[in-house]
Amino acid sequence: MLLQLNNIFKWVNSGGQRVFLLKDINLTVEEGEFISVMGPSGSGKSTLLNVIGMLDNFDEGKYCFMDEPVHTLKEKHRANLYKQYIGFVFQSYHLLDDLTVQENLEMPLLYKKVRNSERKSLVADTLDRFNLVGKKDLFPTQLSGGQQQLVGVARALISSPKLILADEPTGNLNSKQGEEIMELFKQLNEDGVTIIQVTHSEKNATFGSRIINLLDGRKL
Amino acid sequence: MFKNHVKIAWRSLKRQPFFTFLNTIGLAIGMAGGLLISLYIYDEVNFDTMFKDAERIYRIDADIKFGGTESKSAEVSAPMAAAMERDFSQVELTTRFRDLGSMLLRKSNAEANVKEQGSTFVDATFFEMFGLDLLEGDVRTALKEPNTLVLTRTAALKHFGLKDALGQKLLLNNTDTYTVTGVIEDMSKRSFLRNHNVFMSMAGSEEAKNQEWTSHNFFTFIKLNPESDIADFQEPLQSMLGTYIMPYVQTFLPGATEEQLVASGNYLNFSTTPLKDIHLYSDRDYELSQNSSIQNVYILSFIGLFLIILASVNFMNLSTAQSLKRAKEVGIRKTLGSDKSALIRQFLTESGLISFISLLFALGLAALATPYFNALSGKSISIPFTDPFFWTALLFGAAVLAFLSGMYPAFFMSRFVPVKVLKGAGSTSTGGGNIRSFLVVFQFAISVFLIVSTLVVFMQLKFIQSKDLGFTKDQVLIVEDVYTLGEKTTAFKEEVAKLGQVENATLSSFLPTPSSRSNTSFFKEGGATAENSINMQIWNIDHNYIPTLNMEIIEGRNFDSQFATDSTAMLINESAAAILGVQPEEALGMRIIRNFENGTSNYFTIIGVVKNFNYESLRENIGALSMTLGRSTGALAVKLEAGDFMNAITSIEGIWSKVAPGQPFSYRFMEDSFNTTYKAEQQLGSIFMTFTLLSILIACLGLFGLAAFNAQKRTKEIGIRKVLGASVGQITYRLTTDFLKMVGIAIAVALPIGWYLMNRWLEDFTYRMEISWWVLATAALIALTIAILTVSYQSIKAAIVNPVKSLRTE
């Protein structure tokens, strides 16, 4: 078992009323799963993903990640946890515009305080693996959307995370580029990486092994 | 990691050249200003520190009130020095200066005189007192003998050359021959003797040997014993009043006692000023060199501090304003595992980098501006590029500045929560608006305050220059050193008066511009008692004096050559009448007595009262003054008709060289001497103006950047408004008024403070202007106009963008 959510509630107070973003979510994710989270806009997909990624807090419930009780951990400890085990992929890529492809890939390793020589070899391996060697000195704005997302995925993978969280990773891509990224995900999953993706697309959802449907913060 | 920080910082600065430019240039200007002011202050507070034992050297001062006149003297009587050295074990050494001002020198074989500024009699202890050595000559014997003198290197080179000067003879003022016994290094620009070039032996001066305890003409310095405390010296010093001065006073005021003196409201209080404090803390009636004041140092420190704060505020403002763009980066970095402290370090690296670049620019700017600043402040400052202390201080200062101004943006931006800032592309409001508004208000408040100050300083100067002084200073030419003509002075005056362009001419050493003059004691008729005594200046003038300077006689008449009795007649001013205790018309016919030491007396009859005229600086009240007919040949004042002055001057010079071949002809306009009196204020005004301009410039850079940011942030709002039918004008108005509100608040805060502080400054002047409402209104208007011009450019630019374009970015 990689992670487990028990009775997770998250709400905001709006106009004196409690509006639930997540309502009584229970979810167990085993290592090696490929889960697609679906649902209409505002159903809480991204919120759920952020809670799992520990970027966002929840108000009630229990969350265990690799047997660590996340809900009792301090901010700093939690940051160490996700730094270690989780990689993020975003819809709008979120690469650092000031850094080259190579430097963007290096960034997570810097924060993990990986030694210089090891860093260099990891970056070189990754560039090789994702066929980015020829583009390593380009800046993100010099790449196409598909290529940028490829860098995004590569960056998420470079520190060998156990879990990849992808928030509509193909949302800004055309269908061909989107398909390539999904193929990549499938490949990675087969290599043993656990993936949770948020998607609107029925077709993309079929790449996964399990589909979770959300509506108004509730799991259907 | 650090390398990475620098790399990122450098790239993000390069990516936003506009903001980087605003930031750098603002900081550089602030730093350059701060740097120059720091050097100025360093110079000011280090006066007279180069002298050996400077901390043990004190000048003896005297506060005197006698005969209705008060004075604050930096000089004491001739016999004081010897008496102190004899009576008090605390006093190790004394040295007196008797300042002579300018002097005419002539080499024994030369025809013509050369004018030399800054000559003084000085005791032979001079060298030991100040720890000075001679370049040429023997320091132990120089100035011991009468009629010997020591020249500074500059003066020696001017007359003889360094090696040849010793033993040369010089004729002084056409009367006495002196022998050069030494050459000394030029006096430091930072010393109270900086303007002195000729040091003459006191041994030959009769005045220095006299025992007139009430005649204060000698700057007297003491060196205290290393074991003694100056605080313990005050009492013995004051005891000299009883020991020496009262017995002397009794010789002309029989029966006078110290108690009587005090009871009648008179006093003679001695005090001491440490040598090192003279430049900044001493402001007495007459000083050896013009001093500065600690007040100016404070004012400048504040201005310097303001500038740096302004620049630093700019930095904070522009950095937080850019946070919108940086928010995404913060979010990404945090999801990639960065913690807060790593982000703070990164942002501080960035501000450090900007600071460092700005520092380089600032050094360049400061170096370029140094000549201008020196002209402005009357100093000769240079940037000490070779001084390691300077570099240490500079880098330390820049680091502190970078830290202080980078701290807020760093904390502000590192707090961003990734979920929020990553949600949408740019639609996030990043906050910090209140603090930015506060900072803009703060900046503009300082600028408005400086505008008010500048206006007031310049208007006060204008006020002084246009004030009715009681005489006309315009078109009055002063021919100097007329005494060198000897017997021919009168002939010279008459020749000049005959010239077509000359309205009138008068011969007198006493001109109504500030100068060292002392009071003389007179008595009303009815006995030499303390109650009857009057202290006033006595000026020797001729018949033409009053008309030449266009003074007004309000009662009685001017001297008239038809009355032989006018040789004992006297004119007084209104202040003198007031001390006599009579109305001007009652003063006519009163008799005034002057007693001499040898027992003889002179009687004067008052024949006229002159309307008060300002003969000292307008900072002072008009003191009591009397004028009698007498030969006084210091200068010839010539009233010219309007027209080509050069023509008249050439004619006068022609007469001069005919009457006195070989004598240097020197002249000045009275207007100019008048203006030199207010040099300090002129300088202050110019300094204020310069730094006001700089601070406004910095504030505008900041405002410009903020307006650009604001327009950018509201692109979507502007687009929507335009789609809904808003006109360009309406949108411009909307964007501009937000900023004007802040400037309005700044004005409301700064005007009362400026009004209050500048009134305090004006209190130094006896004659001062009122700060009227429109001065404040003008300052407000200037600030508003500048703000509107700065902001509206960005507002209009944003308002004319096609809405389709601005909405598509969403």
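All values reported here derive from a predicted model rather than from experimental measurement. What's counted below: heavy atoms across the whole structure, side chains too, no hydrogens, waters or symmetry copies. Naming convention: chains lettered A, B, ... in sequence-line order (proteins, then strands); numbering from 1 in each chain.
- Under the 6.0 Å cut-off for aromatic ring centres, Phe704(B) and Tyr793(B) qualify, their centroids lying closer than that.
- Under a 3.5 Å cut-off, the side chain of Asn189(A) and the backbone N or O of Glu33(A) do form a donor-acceptor pair.
- Interface remark: Asn50(A) contributes side-chain atoms only to the contact with chain B (heavy atom separation under 4.5 Å).
- Heavy-atom distances place no part of Tyr93(A) under 4.5 Å from chain B, backbone and side chain included.
- With Gln149(A) contributing its side chain and Phe90(A) its backbone, the two residues share a donor-acceptor pair below 3.5 Å.
- When heavy atoms are compared at a cutoff of 4.5 Å, Lys14(B) does not approach chain A at all.
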>> Applying side-chain hydrogen bond (donor to acceptor under 3.5 Å, both in side chains) to Gln142(A) and Gln148(A), what does each step give before you reach the verdict?
In response: CA-CA 9 Å; Gln142(A) 295 167 303; Gln148(A) 287 192 48; over 6 Å; no
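- Side chain to side chain, Gln91(A) and Asp167(A) fail the donor-acceptor criterion of an N or O pair below 3.5 Å.
- Side-chain atoms of Asn213(A) and Arg218(A) include no donor-acceptor pair closer than 3.5 Å.
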Give the table of side-chain donor-acceptor pairs shorter than 3.5 Å for residues 152-162 of chain A, with sequence neighbours excluded, one pair per line with atom names and distance.
| from | atom 1 | to | atom 2 | distance (Å) |
| --- | --- | --- | --- | --- |
| Arg155(A) | NH1 | His94(A) | O | 3.1 |
| Arg155(A) | NH2 | His94(A) | O | 2.9 |

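- For Leu95(A), the part lying near chain B is the backbone, with the side chain staying farther off; criterion is any non-hydrogen pair under 4.5 Å.
- Remark: the backbone N or O of Gly39(A) is paired with a side-chain donor or acceptor of Lys45(A) at under 3.5 angstrom.
- Residues from residues 97-104 of chain A that place a non-hydrogen atom less than 4.5 Å from a non-hydrogen atom of chain B comprise Asp97(A), Asp98(A), Leu99(A), Thr100(A), Glu103(A), given in numerical order.
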